[in-house]
Asks: 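One structure coming up, written as structure tokens, with questions to follow.
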Amino acid sequence: MTGLTHSVRNSLADRERTFALGEDALHWRDDKGEGTMPYADVRDMRLISYASPNGTCFQCTLGGKSGDKVKLRSQHYASLNNFEDRRQSYAPFVRELASRVAARSPEAAFIAGSTGLWIVWLIVGVLCAGFVLLLILSLFEDLPPIGAWVIAAAVVLASLPLAWREMKAGAARRFDPAAPPPELLGTG
């Protein structure tokens with residue numbers, strides 16, 4: 001394997017893999033073996049970000065024409081509740097990967113964000129707004145004691161900024177592989 005590399009363990013169930021950009025394919029190896037995905041066989045490349053125990057995690061998923069998927073993340077799972085930030089190698093690796101996929105698979109789709117995640121955050125936002133409305137109405141009606149409502153309100157108010165940020169980001173959209181969105185690489 002030559003060129004840029006990125007090493008990551010995505011989760012407890014995964015093994016640490018070292019990914020490398022070859023001339024014609026993405027290569028990886030772990031303690032069980034090696035694998036490749038030719039750039040020409042990539043159907044789509046999706047970049048997302050999401051909240052994790054260690055802040056924001058960035059993820060790149062390559063979908064192959066045969067149905068295979070390869071996921072790379074910016075956070076390395078070291079041990080239980082112990083993640084390492086590996087954006088230093090992740091961002092340049094994914095930027096170059098997008099360029100190589102575009103050159104060898106011109107019909108590939110380059111997608112930023114996730115409509116499914118956006119819908120989830122939209123629902124969370126609507127539920128939070130509904131809860132705030134119920135809280136306001138409870139001040140004028142004979143509803144359960146205010147103590148439980150205060151705790152629930154604190155949780156909702158703490159989650160509203162996160163839900164709002166994710167809703168503003170919007171649903172999935174196409175991106176130019178020559179300029180992947182920095183906010184989904186961890187550099188923006």
Side-chain angles (χ1 to χ4, degrees), residues 1-22 25-37 39 42 44-64 68-102 110-121 124-125 155 157-188:
M1 290 194 256
T2 61
L4 287 173
T5 63
H6 177 66
S7 183
V8 67
R9 180 179 180 196
N10 289 332
S11 70
L12 173 67
D14 286 342
R15 301 179 181 287
E16 182 169 359
R17 280 187 172 172
T18 300
F19 294 91
L21 298 174
L26 172 67
H27 299 273
W28 62 85
R29 79 170 174 269
D30 58 32
D31 60 0
K32 279 212 159 185
E34 298 181 1
T36 63
M37 179 179 277
Y39 304 131
V42 174
D44 58 58
M45 179 178 189
R46 180 180 300 273
L47 301 178
I48 65 168
S49 66
Y50 57 89
S52 78
N54 196 37
T56 302
C57 182
F58 303 94
Q59 178 177 293
C60 171
T61 304
L62 294 177
D68 296 338
K69 283 192 177 188
V70 176
K71 287 185 182 178
L72 299 96
R73 293 189 178 141
S74 65
Q75 288 188 3
H76 171 75
Y77 177 87
S79 62
L80 190 60
N81 201 28
N82 183 14
F83 295 86
E84 296 173 8
D85 183 358
R86 296 198 173 171
R87 281 183 282 176
Q88 292 293 88
S89 63
Y90 174 82
F93 187 88
V94 170
R95 197 176 293 114
E96 182 61 23
L97 176 59
S99 172
R100 292 181 187 209
V101 168
F110 294 87
I111 305 161
S114 168
T115 300
L117 280 175
W118 180 77
I119 290 170
V120 167
W121 284 112
V124 168
V155 170
L157 292 175
S159 65
L160 270 176
L162 177 62
W164 180 249
R165 183 189 79 200
E166 296 298 326
M167 286 186 293
K168 280 190 343 183
R173 62 200 179 283
R174 299 282 178 137
F175 72 88
D176 179 1
E183 67 275 8
L184 293 177
L185 294 176
T187 59

Asks: Q88: what forms a side-chain hydrogen bond (donor to acceptor under 3.5 Å, both in side chains) with it, not counting sequence neighbours?
Replies: none

Asks: I'd like to check the side chain to side chain contact (heavy atoms under 4.5 Å, CB included) partners of D176; sequence neighbours left out, ordered by chain and number.
Replies: A178

Asks: Please name all residues satisfying salt bridge (charged side-chain N to carboxylate O under 4.0 Å, His left out) with D14, sequence neighbours left out, ordered by chain then number.
Replies: none

Asks: Would you say Y39's side chain and A25's backbone share a donor-acceptor pair under 3.5 angstrom?
Replies: yes

Asks: How far apart are the C-alpha atoms of L26 and V42, what are their side-chain angles, what is the distance that settles it, and do they pass the side chain to side chain contact (heavy atoms under 4.5 Å, CB included) test?
Replies: CA-CA 10 Å; L26 172 67; V42 174; over 6 Å; no

Asks: L47 versus F58: any side-chain heavy-atom pair under 4.5 Å?
Replies: no

Asks: Considering all heavy atoms of both residues, which atom of R15 and which atom of D31 are nearest to each other, and what is their separation?
Replies: CD-OD1, 3.0 Å

Asks: Can you name the side-chain hydrogen bond (donor to acceptor under 3.5 Å, both in side chains) partners of R86, sequence neighbours left out?
Replies: E16, H76, E84

Asks: Starting at NE2 of H27, measure out to CG of L21 and round the result to the nearest 0.5 Å.
Replies: 9.0 Å

Asks: Restricting to non-hydrogen atoms, name the atom on P92 and the atom on L4 that form the minimum distance, rounded to 0.1 Å.
Replies: O-CD1, 3.6 Å

Asks: Which residues pass the side-chain hydrogen bond (donor to acceptor under 3.5 Å, both in side chains) test with D85, not counting sequence neighbours?
Replies: R87

Asks: Measure the CE-NZ distance between M37 and K69 for me, rounded to the nearest 0.5 Å.
Replies: 10.0 Å

Asks: List the steps, then state whether side chain to side chain contact (heavy atoms under 4.5 Å, CB included) holds for Y90 with Q75.
Replies: CA-CA 9 Å; Y90 174 82; Q75 288 188 3; over 6 Å; no

Asks: Out of curiosity, F110 CZ to D44 CG, how far, rounded to the nearest 0.5 Å?
Replies: 9.5 Å

Asks: Counting the benzene-type ring for Trp, do F19 and H6 have ring centres under 6.0 Å apart?
Replies: no

Asks: How many angstroms lie between CZ in R73 and CD1 in I48, if you round to the nearest 0.5 Å?
Replies: 7.5 Å

Asks: How long is the span from the CG atom in L184 to the CD1 atom in I111, to the nearest 0.5 Å?
Replies: 12.0 Å

Asks: Shortest non-hydrogen contact from L72 to F93?
Replies: CD2-CE2, 3.5 Å

Asks: List for me each residue that meets side-chain hydrogen bond (donor to acceptor under 3.5 Å, both in side chains) alongside T61, sequence neighbours excluded, and say none if there are none.
Replies: Q59

